[in-house]
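Notes follow once the structure below has been shown.
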Amino acid sequence: MISSLFSSTMPLFPINVRSQNQSLCPLKSSILRSQQQNLNPKNIINNCRRPKFQLINPVISIPSHERLNQSKDKPKKDQNNEFFKAINQQLMVLCGFGYYVNGFRCFPWLALNYHMAHNLNMQPSTLQLVQNSGNLPMVAKPLYGILSDALYIGGAHRIPYVSIGAFLQILSWGSLALIPVVSEALPALMACVLVTNLGASISEVAKDALVAEYGQKKKMPGLQSYAFMASALGGVLGNLLGGFFLLKTQQTKSMFLAFAALLALQLTISLNTREKSLGLTQPSNRSLARESISQSIMKSCSDLMMAVKEERILRPLIWVVSSIVMIPILSGSIFCYQTQCLNLDPSIIGMSRVTGQLMLLSLTLLYNRLGKSIPLRKLIGIVQLIYASSLLLDLVLVKQINVQLGIPNEVFALCFSGLAETIAQFKLLPFLVFFADLAPPGCEGSLMSFLASALCLSSIISGFFGVGLASLLGITYGDYSSLPRGIMIQFFAALLPLCWIGYVPMSHPAAEKARKRGRSKRSRRNRRIGKVVFDSIYSYRRKRESDLKM
C-alpha cells in the first residue's frame, strides 16, 4: 500500500541516482556505527541512564552522609575565619581584652600573696582567710546581674557596668601602690581587696551577660570557650611576668601600679565603645518610660527565680556547687609550705601557674573542637576523677617522693603544682556553656551572674572548710606534719560527688537542638509526596485507596 503512493515512472521529486547512492552510504554507515556502539555494554548502561529530556532548573539532592563528608572536608581554618568574621570586632576587642585582664589578675595577686606571706609574716590560716574573705563581693553577683538586666545607664545596660568595674579596680590597686599605710595595715589592705573584687565581679557579670546575649541573638553557641581562651592567655602572661618581676625586683608596689595602668586601658576601651554598634536589641523610649526601676528589678527577680526553678537548670547547678563545697581547699597551707619549707623562688611558683594556664588553654581548645560532641555527664565524670587524682600530687611533694625518684622540687612544682587548680577551672567551662544556652531571653545577665555567684560562694565555703581543717589538724607556721592527712581528706572528698553524677544531663542543649533539627528535616523529606527525580533519583507516590482495596 505504501509503494503505490509513489510512481516509479514520474516521481514527485526528481532524484539523481548517483547522489542518492552517495547519500545513502553515509546513512547506512552511521546506522551500522550506532548499532555497534549500542551493542557495547558500557554504552547500553549510559544510554539507559541518560534522561530523555532535560530539566530547565534541575534540583539535585545530595545524601546526608555526603553532605557531612563535604562539611568535614572543608578546612577548619576557613571555618574559624568565618566564625571570627561573624563576630563584631568591637565586641571582640571589648570582651576579649576584658577577659584577658580578668586572667591577668593573677599578676598583682601573686605579688599580694608574696607581700602578705613575707613582708607582713601572716600565718597560713590568716593568709587563706584574707583570700577567701576578699571574694565576698562576688557572692552578690546576682544583684549586679539583675541591675544589669533592668537598669539602663545612658541607654545601655552592659558596657557602663564594665566601665564601673574597671574604675573600682583602678582605685583599689592604685591605693595599694601609692599609699604606704594601705599596704601595711591589715584593715586598709582588706578594704582594698574587697573593693577590687567588687569591681572585678561587676565587670565579669556585664561581660558574661554580653557574650551570652550576643551568642543567643546571632545563634553562635559556645562563645564562652573563646572567652575562656582569652582569660587563660592572660593567666599565662600574668603568672610568667609576675614570677619574673618578683625574682628580679621583689617590688610588689610596682606590680600593683602596672596592673592599674592596664585597667586604665580597659576603661578607655569601654568608654569609647557604644552598645548600639554591637547589634543587640535596644529598649524603646516608651518601654523605659512605662516601667519604673523597681518594676524592672522585680520583673528580673521573678524571671530569675522561674529560670532557676526549672529542673534542667536546678539539678546540674546543685551538682556543680556541691562538687566544690565538699572539698576543703588548703591553698594557703600549700603556698606557705612551698615558700617557707621548700624555699622555692617566687619565679618557680609563678612558672607553675604558667604551666597550669597553658594546659587550661590547651584543654579549652580541645573542648572547643571535640568536647561538645562528648556526652556532658561522661565528660564531667572523667574531669572530676582526674581532679581528685591530681590532688595527690601535693602529697607526693610533701612526702618528698619526687626527690626519691630523682626529680628536684623545683622541677616537680613547675610541672605539677598548678595541675589541680587548672582542672578545677576547666570543669566550670562545660557548665558555663550549658547554662548560657539555657538562659531565657532578657535573663542572660541574671542567670549567668547567679551561676557565678553560686560558684564563688561554694569556693568561699570550701576555703573556710580548708581553714577549719588546717586548724583542726594543727597546720601552723613551721609545723606542716599533718598536711599529708589533710591532702588525703581532700582526695576522698573529691570522689564523693561522683555518687550523684546523675544530676548532670547526658547531652548538651546545642547538640540536642541539632539532633531535633535533623529529625525534623528527615521527617519533612519523608513526607514529600509526588517527588519525581529522573534516572538516579527514585520517585515516591502514595498508593491510592482503590489500589489498597484491590
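FYI, side chains are in, hydrogens and waters are out, and symmetry mates aren't considered; it's all heavy atoms of this structure.
- Counted within 6.0 Å of CE on M305, heavy atoms from surrounding residues, nucleotides or ligands total 12 or fewer; the atom is thus considered open.
- Counting all heavy atoms, side chain and backbone alike, I324 lies closest to K427 at CG1-NZ, 4.3 Å.
- The closest side-chain heavy-atom distance from F491 to L495 is below 4.5 Å.
- The ring-ring contact (aromatic ring centres under 6.0 Å, His included) search around F256 returns W173, not counting sequence neighbours.
- The backbone N or O of L198 lies less than 3.5 Å from a partner atom in the side chain of S201, making a donor-acceptor pair.
- Residue-environment remark: OH (Y503) stays at or below the threshold of 12 foreign heavy atoms within 6.0 Å.
- Using a 4.5 Å heavy-atom threshold, the side chains of S203 and V162 count as touching.
- Put simply, the side chain of N197 gets close to the backbone of G134: a donor and an acceptor are under 3.5 Å apart.
- Partners of F97 according to the ring-ring contact (aromatic ring centres under 6.0 Å, His included) rule, which considers only residues two or more places apart in sequence or in another chain, do not exist here.
- Residues meeting the ring-ring contact (aromatic ring centres under 6.0 Å, His included) test with Y161, sequence neighbours left out: none.
- Remark: K207 is positioned above the aromatic ring of Y99, its terminal NZ or CZ atom under 6.0 angstrom from the ring centre and at most 45 degrees off the axis.
- Between the side chain of S172 and the backbone N or O of Q169, at least one donor-acceptor pair lies under 3.5 Å.
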Decide yes or no on side chain to side chain contact (heavy atoms under 4.5 Å, CB included) for M488 and F492, but give the supporting numbers first.
CA-CA 6 Å; M488 289 302 300; F492 289 113; 3.7 Å; yes
Begin from the C-alpha positions of T273 and S270 and carry the test side chain to side chain contact (heavy atoms under 4.5 Å, CB included) through to its verdict.
CA-CA 5 Å; T273 305; S270 62; 5.8 Å; no
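- For F104 and F107, the distance between ring centers is under 6.0 angstrom.
- The side-chain heavy atoms of I164 and Y144, taken from C-beta on, include no pair separated by under 4.5 Å.
- Between Y100 and S231 there is no side-chain heavy-atom pair separated by less than 4.5 Å.
- Residues G242 and L110 approach most closely at C-CD2, 3.8 Å, considering heavy atoms.
- Between the CG atom in L429 and the CE atom in M229 there is a gap of 8.5 Å [rounded to 0.5 Å].
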If you apply the rule side chain to side chain contact (heavy atoms under 4.5 Å, CB included), what do you find for S417 with Q338, and how did you get there?
CA-CA 10 Å; S417 180; Q338 291 178 348; 3.0 Å; yes
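- The shortest distance between side-chain heavy atoms of M506 and P375 falls below 4.5 Å.
- Among residues two or more places apart in sequence or in another chain, the salt bridge (Lys or Arg N to Asp or Glu O under 4.0 Å) test is passed with R312 by E310.
- Within the model, atoms CD1 of I269 and CD1 of I159 stand 11.5 Å from one another, a figure rounded to the nearest 0.5 Å.
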Passes side chain to side chain contact (heavy atoms under 4.5 Å, CB included), L428 versus Q425? Steps please.
CA-CA 6 Å; L428 304 180; Q425 292 178 4; 5.7 Å; no
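- I423 is not listed as a side-chain neighbour of L360, based on a closest heavy-atom distance of 4.5 Å or more.
- A 4.5 Å side-chain heavy-atom check between V433 and Y367 finds at least one atom pair inside the cut-off.
- Judged by distance alone, the side chain of S352 and the main-chain N or O of L414 form no donor-acceptor pair under 3.5 Å.
- The minimum heavy-atom distance linking L363 with F426 is given by the pair O-CE1, 3.5 Å.
- Shortest non-hydrogen contact noted between L376 and P430 is CD1-CB, 3.7 Å.
- The shortest heavy-atom contact between L263 and A166 is O-CB, 4.2 Å.
- Using modelled atom types, one side-chain atom of N272 and one backbone atom of T268 make a donor-acceptor pair closer than 3.5 Å.
- Using modelled atom types, one side-chain atom of N239 and one backbone atom of G235 make a donor-acceptor pair closer than 3.5 Å.
- Taking CG from L455 and CZ from F431, the interatomic distance works out to 9.0 Å, rounded to the nearest 0.5 Å.
- The line from CZ of F435 to CG of D437 is 11.0 Å long, rounded to the nearest 0.5 Å.
- The closest donor-acceptor contact from the side chain of T196 to the backbone of C192 lies at 3.5 Å or more, if one exists at all.
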side-chain hydrogen bond (donor to acceptor under 3.5 Å, both in side chains), that's the test. Do S323 and Q384 meet it? Break it down for me.
CA-CA 9 Å; S323 66; Q384 184 68 21; 4.7 Å; no
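- A donor-acceptor pair under 3.5 Å is absent between the side-chain atoms of R158 and the main chain of A206, judged by distance alone.
- For the atom pair CD1 of I334 and CD of Q490, the computed distance is 7.0 Å after rounding to the nearest 0.5 Å.
- Looking at S362, its side chain does come within 3.5 Å of a backbone N or O of L358 through a donor-acceptor pair.
- Here the CZ atom belonging to F465 is positioned 11.5 Å from the CD1 atom belonging to I329, to the nearest 0.5 angstrom.
- Residues meeting the ring-ring contact (aromatic ring centres under 6.0 Å, His included) test with F416, sequence neighbours left out: F412.
- Residues P328 and I489 approach most closely at CG-CG2, 4.4 Å, considering heavy atoms.
- Residues I461 and L457 are in side-chain contact: their nearest non-hydrogen atoms beyond the backbone lie under 4.5 Å apart.
- Note on residues 450-460: no pairs pass side-chain hydrogen bond (donor to acceptor under 3.5 Å, both in side chains), not counting sequence neighbours.
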